[in-house]
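To start, the structure itself, in structure tokens.
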Amino acid sequence: MVYAIVRAGGRQEKVSVGDFVTLNRVAGEVGGTIELPALLLVDGDKLTTKAADLAKVKVTAEILEDLRGKKIVIQKYKNKTGYKKRQGHRQELTRVKITGIK
């Protein structure tokens with residue numbers, strides 16, 4: 001089994017060919033391809049962690065869609081002062097399909 005740990009949107013994701021992954025928003029057009037930097041590569045019993053070897057590894061992904069995450073509500077409240085604040089947030093996301101690990 002071949003899989004890689006890649007850096008994507010400030011997080012690390014474990015991916016293999018054919019996986020669908022949701023990342024923080026990535027610049028690019030729908031249908032386009034992006035390349036994700038590999039931090040670790042596992043190919044059966046062979047483990048690659050050296051930076052020089054990982055520079056040669058290419059993890060490619062196809063952008064499927066841009067979407068927005070679930071809404072979260074941020075509420076701040078201070079007792080006895082009349083202070084309350086309510087704010088919402090929806091994270092900008094991109095869904096990608098991993099097409100190759102070379």
Side-chain angles (χ1 to χ4, degrees):
M1 178 174 185
V2 177
Y3 68 89
I5 306 293
V6 296
R7 178 165 310 169
R11 297 183 307 182
Q12 295 178 5
E13 299 281 343
K14 177 183 174 184
V15 298
S16 59
V17 176
D19 285 353
F20 295 94
V21 182
T22 303
L23 313 171
N24 286 342
R25 183 61 57 94
V26 177
E29 295 293 323
V30 174
T33 60
I34 59 170
E35 191 172 307
L36 301 170
L39 302 175
L40 177 101
L41 177 66
V42 177
D43 187 3
D45 293 333
K46 185 179 175 189
L47 182 70
T48 305
T49 58
K50 292 185 180 179
D53 296 335
L54 289 173
K56 301 172 189 171
V57 174
K58 299 199 185 291
V59 179
T60 56
E62 176 186 357
I63 298 174
L64 300 177
E65 64 177 330
D66 288 329
L67 56 126
R68 297 180 77 193
K70 180 180 167 186
K71 184 168 186 169
I72 61 169
V73 177
I74 300 119
Q75 291 186 347
K76 296 180 180 179
Y77 174 78
K78 292 197 177 184
N79 196 15
K80 300 178 186 173
T81 62
Y83 174 78
K84 57 186 172 181
K85 181 178 179 181
R86 181 176 169 155
Q87 179 180 355
H89 177 75
R90 290 183 71 184
Q91 184 67 38
E92 302 284 327
L93 302 171
T94 301
R95 183 175 300 277
V96 299
K97 179 181 180 183
I98 305 300
T99 55
I101 300 175
K102 300 174 187 169

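These numbers were taken from a predicted model, which means no experiment stands behind them. Scope of the values below: all heavy atoms of this structure, side chains included, with no hydrogens, waters or symmetry mates.
- The backbone N or O of G69 lies less than 3.5 Å from a partner atom in the side chain of R90, making a donor-acceptor pair.
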Going through the distances and angles, do R68 and E92 end up as a side-chain contact (heavy atoms from CB on, under 4.5 Å)?
-> CA-CA 5 Å; R68 297 180 77 193; E92 302 284 327; 3.2 Å; yes

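- Residues meeting the side-chain hydrogen bond (donor to acceptor under 3.5 Å, both in side chains) test with Q91, sequence neighbours left out: H89.
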Under 3.5 Å, which donor-acceptor pairs link side chains of residues 28-40 to any protein atom two or more places apart or in another chain?
none

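- Residue pairs meeting the side chain to side chain donor-acceptor pair (under 3.5 Å) criterion with at least one member in residues 40-51, sequence neighbours excluded, do not occur.
- Annotation for L23 and V96: closest pair CD1-CG2, 3.9 Å, computed over non-hydrogen atoms.
- For residues 77-88, no residue pair satisfies the side chain to side chain donor-acceptor pair (under 3.5 Å) rule, not counting sequence neighbours.
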Solution key, residues 1-18 side-chain donor-acceptor pairs under 3.5 Å, sequence neighbours excluded:
from	atom 1	to	atom 2	distance (Å)
R11	NH2	E13	OE2	3.2
R11	NH2	T22	O	3.2
S16	OG	D19	OD1	3.4
S16	OG	D19	OD2	3.1

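- Cluster membership check: L41 shares its hydrophobic cluster with V21, using side-chain heavy-atom separations under 4.5 Å among Ile, Leu, Val, Met, Phe, Trp and Tyr.
- If you take NZ on K70 and CG on L93, they are separated by 13.0 Å, rounding to the nearest 0.5 Å.
- Using a cutoff of 4.0 Å between basic side-chain nitrogens and carboxylate oxygens, E65 and R95 are scored as salt-bridged.
- The side chain to side chain donor-acceptor pair (under 3.5 Å) contacts involving residues 51-61 comprise T60-T99, where partners must be two or more places apart or lie in separate chains.
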